Amino acid sequence: MSDILTGLNEPQREAVQTVSGPVMIIAGAGAGKTKALTHRIAYMIEQGVSPFSIMSLTFTNKAAAEMKERVMKLVDPHAGRNVWMGTFHSVFARILRSEAECLGFTKDFTIYDTDDSKQLLNNILKERELDTKAYPVKYLQNRISMAKSALISAEEYCANKDIQQQDYQAKKPLIGEIFKSYNARLHRANAMDFDDILFHTNILLRDFPEVLYKYQHKFQYILVDEYQDTNYAQYLIIRRLAAVHENICVVGDDAQSIYSFRGANIQNILNFRKDYPDYKLIRLEQNYRSTQNIVNAANSVIAFNKNQIEKKVWSDKEAGELITVMRANSDTEEGTLVANSIFGFKMSRQLANKDFAILYRTNSQSRSMEEALRRQGIPYKIYGGMSFYDRKEVKDLLAYFRIVINPHDDQSLLRIINTPTRGIGETTKERLIVASGQQKTSIWNIITSQMPPEINEGTATKLRNFATMIQSFAVIAGKENAFDTAKHICDTIGLVKFLKEDDSPEGIIRVQNIEELLNAIMEFSDKQVDEVTGERLEIGLSAFLQEASLMTDQDNKKDENDDTVTLMTIHAAKGLEFPYVYVVGLEENLFPGVQSLGTQDELEEERRLFYVAITRAEKKLILSHAESRYRYGSLTISEPSRFIDEIDKKLIEQTHKASFKGTRNIDEGFNFSNPFVRRTQTGGFYKKETPRATPTPTATPARPSNVTGNIADPDDIKAGMRVYHNKFGFGNVISTEGTGANKKALVTFDTEGDKRLMLTFAKLIIIE
DNA sequence: GATTGTGCCCTTTTT
DNA sequence: GGGCACAATC
């Protein structure tokens, strides 16, 4: 017991020991919320709470795995593993499988991912002969997902006047009908999409009191991580399950809510006190991750948001270094500056590549960074983008597995019926879709018992052969373990042989991916060990699929060992930390993005995203922005982000590209964009008219003793330099004009604003 | 029925 | 710039 409580601060200890009743933990970034949660679970188990009665929910598999690992270290692993710990989707999919019959599904239901649902919607549009321009699939997905997350059924969607009015005004009046067909097709396919897992769980708990009763009494203790990211469907599930015991503990940080575009609702945090009036609020405010300067910078930024729960995050670490702001003249140069900076820190401070992370708003920004790192010879790894489970060949093979387990899975059937090629084309597929719509049954049933007359005999035979093959696989799956079945399927369809015909580098990767998938199945099987005897359990394909359909490759591959710089979006970086963090592309219309300038709420979400970015850094934070950038193939000019201005000025130091060697040509480019810079940079280095959280003191600095150096030759003064003037103090050279004795410079002084100086008279000292 | 050409549209995305 | 969907080809 002492083990579990030692090393915790006072509020953490309170969070761990307040086991009964509703508890809300508001945890700042880096305040040890995972520690509080894991120790709490361990503490409960040690206090005699049955692990089977504890449900702990997270959003990612990775977070769940990490928590499980940490709990197992604190308590007897046999007890630890019995806690219901996982993502919302995995825990409730598990419950849905055992209760599937109530809802008209079988326990082998398939989970459709975003791509499957996209294909399905495409089929519906085709069937209804609707234009994909009038009804963009992405828009439909969004609309349907939002409805399901808000627990609005397709029928309610159609009956709701407001919603219908919205769709009518958007010139998309048929969305409701499409929604209905979509659900009908899912149900016919014995399939659920991601949102359905939560939606159907709610239906289950709402309409089947005995089921509700069972789980309310089973899960006496409920813990929820990242509560600020829950949507209405998740909120209501938790509320229902916790209604009897009210031993519910939620952990969140409203300042880190960055998924509202996915339906996450901050109100859930704000409403907690209404739902559980006698709740206990615990604040974890001490940040153990970052230096004071970084914490203060984050605080000064987030202070600009109106909607937030009051808290003061603090750090008792050293003040640390100032936050560096780098200005580049182009996206290419931004990459170079970042790569040079990393190289410099590595050399001067003996750091490893893995001490660095480069974070950006959009994935497309990775390219300039990537190219610069490659030129500099720095190993890096880009996270995000195409996931292993999104690869076509992997999805193809998985589709075979899925249809063996659930033959009514139409999307899988359509995906693989002609892969490898079997002479079954688009026309045939369309006929099958239409027939299944008319007969209101799955395509599988159409092929096996109600072959439509318009399909000619040759094609019909091909279809029957396909069905026979799938049936033979199903027989094998009933007898053999997952790996042997998978291997058999793979060999029989000749997928590897088919892929090997393509010997391009991409083709070789595809073959490797198939091998990797088979390895993953093997690995998964190896992990399934009998708890009591320690023997390996034979697990079937179905069990593997259940796991794989809710898996992303984010979790299995976090090679702690390989020493690379990390590149990822800020969204992907949530929950992670790095000693040195670069946040790049801090420009208006990029970060904050142009689409988020519309409403206050959207802007505040962008600001929270910036807050998340800042708080990833432990020791040093470097921000950068470029004055121009290629976007969608054409050059765009950008102003520095307002977010830079929102950081307390005392915490920032400016670096200039002139301080880097060999940038003469860049200076020329810089002059080119000069008029623009002058326009936006009045007063201080950045726009002065922006409101500030804390006003910066404005006194002309006396010449500090560390300013040494001689009066510069006017010819040496160049745009971008940092200079010192005896009367005006420190400033930045924005531009120069004229030559020789007539040479003038526009200098923006930190405290005195813009000055145009004749260089033969102004005695400037070059600082850097 | 597969392959190449042409216009179109771009965020973030735990599951 | 580039990925994707659909069309025009062979």
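Source: prediction; values computed, not measured. Lettering follows sequence order; numbering is per chain, from 1.
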Nucleotide [N], atom [atom2] - distance to [atom1] of [X] in whole Å:
X	N	atom1	atom2	answer
A/Lys138	B/dT13	NZ	C1'	9 Å
A/Phe88	B/dT14	CZ	P	16 Å
A/Phe92	B/dT14	CZ	P	20 Å
A/Asp253	B/dT14	CG	P	20 Å
A/Asn231	B/dT15	CG	P	14 Å
A/Leu198	B/dT14	CG	P	15 Å
A/Met85	B/dT15	CE	P	17 Å
A/Arg631	C/dG1	CZ	P	16 Å

Does a nitrogen or oxygen in the side chain of [X] sit under 4.0 Å from OP1 or OP2 of [N]?
X	N	answer
A/Ser596	B/dT11	no
A/Asn61	B/dT14	no
A/Thr569	B/dT13	yes
A/Asn363	B/dT13	yes
A/Thr114	B/dT15	no
A/Asn122	C/dA5	no

Can A/Phe261 be called stacked on B/dT13 when the rule is centres closer than 5.5 Å and an angle between planes below 30°?
->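 A/Phe261 ring does not meet the centre or angle cut-off for B/dT13; no stack.
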Without swapping roles, check the side chain of A/Tyr380 against the backbone of A/Ala357 for a donor-acceptor pair under 3.5 Å.
-> no
Check every strand shown and say whether [X] touches a base, only sugar-phosphate, or nothing at a heavy-atom separation below 4.0 Å.
X	result
A/Tyr259	base
A/Gly425	sugar-phosphate
A/Ser634	nothing
A/Thr421	sugar-phosphate
A/Lys118	sugar-phosphate
A/Thr132	sugar-phosphate
A/Arg361	base
A/Asp113	nothing

Let me see the working for A/Lys395 and A/Asp113 under salt bridge (charged side-chain N to carboxylate O under 4.0 Å, His left out), right down to the final yes or no.
-> CA-CA 11 Å; A/Lys395 293 203 77 165; A/Asp113 65 19; 2.7 Å; yes
For A/Thr421 and A/Asn418, test the side chains for any donor-to-acceptor distance below 3.5 angstrom and give the result as yes or no.
->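 No, A/Asn418 and A/Thr421 have no side-chain donor paired with an acceptor closer than 3.5 Å.
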First of A/Gly423 and A/Ser364 reached from the 5' end of DNA chain B, by closest nucleotide =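 Residue closer to the 5' terminus by nearest nucleotide: A/Gly423.
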Considering heavy-atom distances to DNA chain B, does A/Asp195 or A/Thr362 have its closest nucleotide positioned more toward the 5' end?
->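 On the 5' side of the pair lies A/Thr362.
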Looking at CD1 of A/Ile644 and CG of A/Leu623, how far apart are the two atoms once the value is rounded to the nearest 0.5 Å?
->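 Separation between the atoms: 6.0 Å.
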Between atom CD of A/Glu393 and atom CG of A/Asn513, what is the distance when rounded to the nearest 0.5 Å?
->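 Result: 4.5 Å between the selected atoms.
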Please examine the side chains of A/Thr362 and A/Thr569, heavy atoms only from C-beta on, and report whether any two atoms are closer than 4.5 Å.
-> no
Report the glycosidic orientation of B/dT11: syn if within 90° of 0, anti in every other case.
-> syn
How far does the C1' atom of C/dC6 sit from the matching atom of B/dT11, given to the nearest Å?
->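 The same atom, C1', in both gives a distance of 25 Å.
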What's the closest nucleotide to the A/Thr60 side chain, out of B/dT15, C/dG1, B/dT13?
->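 Minimum distance to the A/Thr60 side chain belongs to B/dT15.
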Could you tell me whether A/Arg143 sits above the aromatic face of A/Phe179, with NZ or CZ closer than 6.0 angstrom to the six-membered ring centre and within 45 degrees of the axis?
->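 A/Arg143 over A/Phe179 ring: no.
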